[in-house]
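Excluded from the calculations below are hydrogen atoms, water molecules and symmetry mates; all remaining heavy atoms, backbone and side chain alike, are included.
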Amino acid sequence: MRGGGGRACGRPLKLIVRRHTTTLGASMKMNRLIPMLPVRSMPASVDFYEKLGFSLEQRNDDWRWAMLCFGECRLMVDESINVHPGIPRSSVLYLYPDDISEFHKQVRRNGLVVPDLEVTFYGMTEFRIDDPDGNRLWIGQNASTGA
């Protein structure tokens with residue numbers, strides 16, 4: 001953009017804002033989205049992100065996993081996402097709907113083929129899917145608190 005004043009290439013800048021509506025209904029909401037990065041060394045990554053200004057919120061050395069925060073931002077680092085050295089490492093987006101059971105039913109009604117809900121060893125009711133480009137999505141809710 002040159003010049004400023006909302007003009008690009010000498011023409012007025014036209015901003016189009018569209019609200020995306022889904023078939024999930026107005027009452028369904030997504031509470032959080034937290035990236036989970038595959039790392040070679042969880043302790044080294046925690047050290048790096050602390051130097052970047054993040055604080056350690058949770059850590060589990062048995063899982064080789066940690067959650068860091070910086071204000072309202074959260075980031076997970078995890079050694080166990082890809083344990084096979086010959087396979088490329090990929091990140092995960094962890095989504096937190098306000099009602100995992102209803103969200104799960106609705107995405108099935110919308111035509112997505114998704115696995116059944118499972119309660120994980122770390123206490124989340126979740127399901128995992130890949131988007132059309134292979135990006136990994138884990139979608140869950142705390143099994144005991146519903147958060």
Q. Between Arg40 and Glu79, is there a salt bridge with N-O shorter than 4.0 Å?
A. no

Q: Tell me yes or no: between the side chains of Arg136 and Ser90, is some donor less than 3.5 Å from an acceptor?
A: yes

(Q) When you compare the side chain of Met76 with that of Tyr94, does any pair of heavy atoms fall below 4.5 Å? (A) yes

Q | Ile139 vs Pro97 side-chain heavy atoms within contact, under 4.5 Å | A | yes

Q: Spell out, as yes or no, whether a donor-acceptor pair under 3.5 Å connects the side chain of Gln141 to the backbone of Ile100.
A: yes

**Q.** Side-chain heavy-atom pair Asp78, Val39 within 4.5 angstrom cut-off
**A.** no

**Q.** Flag side-chain contact, heavy atom, 4.5 Å: Glu50 against Phe70
**A.** no

Q. Thinking salt bridges, do Arg32 and Glu72 make one under a 4.0 Å N-O criterion?
A. no

Q: Answer yes or no: is there an ion pair linking Lys29 with Asp99, defined by an N-O contact shorter than 4.0 Å?
A: no

Q) Are Phe121 and Trp63 near enough that their ring centres are under 6.0 Å apart? A) yes

Q.
Donor-acceptor check, side chain of His104 to backbone of Pro115, threshold 3.5 angstrom: yes or no?
A. yes

Q. Any side-chain heavy atom of Ile34 within less than 4.5 Å of one from Tyr96?
A. yes

Q) Counting only heavy atoms not in Glu57, do more than 12 fall under 6.0 Å of its CD? A) yes

Q. Do you know the tightest heavy-atom contact between Phe103 and Met28?
A. N-CE, 3.7 Å

**Q.** Matching residue for Met36 among Val92, Leu93, Leu75 - test: side chain to side chain contact (heavy atoms under 4.5 Å, CB included)
**A.** Val92

**Q.** Closest non-hydrogen atom pair, Met42 against Asn60
**A.** CE-O, 4.2 Å

Q. With a 4.5 Å heavy-atom cut-off, do Phe48 and Val77 have their side chains touching?
A. no

Q) How close do Phe127 and Val107 get, heavy atom to heavy atom, and via which atoms? A) CZ-CG2, 4.0 Å

Q. Shortest non-hydrogen contact from Gly140 to Glu126?
A. CA-CB, 3.7 Å

